[in-house]
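Order of appearance sets the numbers: ligands from 1, and atoms from 1 within every ligand.
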Amino acid sequence: MTCQRLDGKALALQVREEIARRTEALKARGVTPGLAVILVGDDPASEIYVRNKGIACEKAGMRSVTVRLPAGTTQEELRARIEALNADPDIDGILVQLPLPAPLDERQALNAILPEKDVDGFHLLNAGRLLTGESAVVPCTPKGVMRLIRETGLDLSGREAVVVGRSNIVGKPMALLLMQSGCTVTVCHSKTRDLAAHTRRADVLVAAVGRPGIIRGDMVKPGAVVIDVGINRVDGKVVGDVAWDEVSSVAGWVTPVPGGVGPMTIAMLLENTVEIAERRA
Ligand code: NDP
């Protein structure tokens, strides 16, 4: 079986066209979807992410607000800014760009966002709703990964899925979504013994670690769907967690980095914003 490249860039473009249409329909009803992004400090990578989110928002016809706060912002000041956005009727989605500079407490900040405006789905209530299978704002990256997997046409029921990484923003929600889709899910992490023994069983393998090339060709089941969430900078180049050359000669489908999960994450952010705005309308 020849390996197919799962093109997140092309799929994200399709999704964004659909979102632009939904935005137009909302505007015709007098509602312009609005996304506010709070950036604390001057982390260069966060700067780029926030700028890209703002551009994507405006391209889709949405209102985009960026709140820039200095690195010395206190927890109380941050909370006050979040609460002002909670109360702003023109803002549908609020996102706090992570990581926050020390000593700010991310959990406190995320839980200060009104759950209905929690466009990243990181508030405890949305995390709990996802766990119990109730309707929830689903975190953008895992949601985007599910869309990519669906593109393969693979019936997920009864499949073995392995997620490498157990963070609250990627690994854990990813595992829940795969489980809800009928997969038997294994979650691996830094304490996992013999990672390869797990990954080799995977029909669907999601790598969300942040270590370049940790997934090698001999760790992948022939024909598997391999999703590379990792973003690593090596010698000025962005690479994923998957050793592309090796894995693409074994897998059935692989996402590239860049051009795989990243563009889908932004597309899902816009989708979540428009969904919240539709509820408002
Ligand atoms: P975290 O650092 O929060 O989590 C990394 C996870 O990898 C942890 O659960 C850790 O285990 C696990 N891990 C570390 N080393 C190993 C190892 N040797 N073997 C197995 N597991 C290991 O990262 P995130 O979840 O936030 O992000 C993961 C990657 O995805 C990063 O590269 C990040 O940049 C990228 N990312 C990409 C996005 C996109 O849109 N494409 C969006 C979000 C993130 P433990 O819990 O035991 O420490």
Flag yes if L85 and V274 sit in one hydrophobic cluster, no otherwise; membership is Ile, Leu, Val, Met, Phe, Trp, Tyr, and two members link when side-chain heavy atoms are under 4.5 Å apart. yes

If hydrophobic clusters are built from ILVMFWY residues whose side chains come within less than 4.5 Å, do V261 and L98 share one? yes

Less than 4.0 angstrom from a charged side-chain N to a carboxylate O is my criterion; do R200 and E160 meet it? no

Taking all atoms of both residues into account, what is the closest heavy-atom pair of K143 and V138, and its distance? CB-CG1, 3.8 Å

If the threshold is 4.0 Å, N to carboxylate O, is there a salt bridge linking R147 and E271? yes

Kindly tell me which protein residues have any non-hydrogen atom under 4.0 angstrom away from an atom of ligand 1, grouped by chain and ordered by number? T141, V164, G165, R166, S167, I169, V170, H189, S190, A208, V209, G210, R211, I214, V229, G230, I231, V261, G262, T265

Would you call R21 and E24 a salt bridge, using N to O less than 4.0 angstrom? no

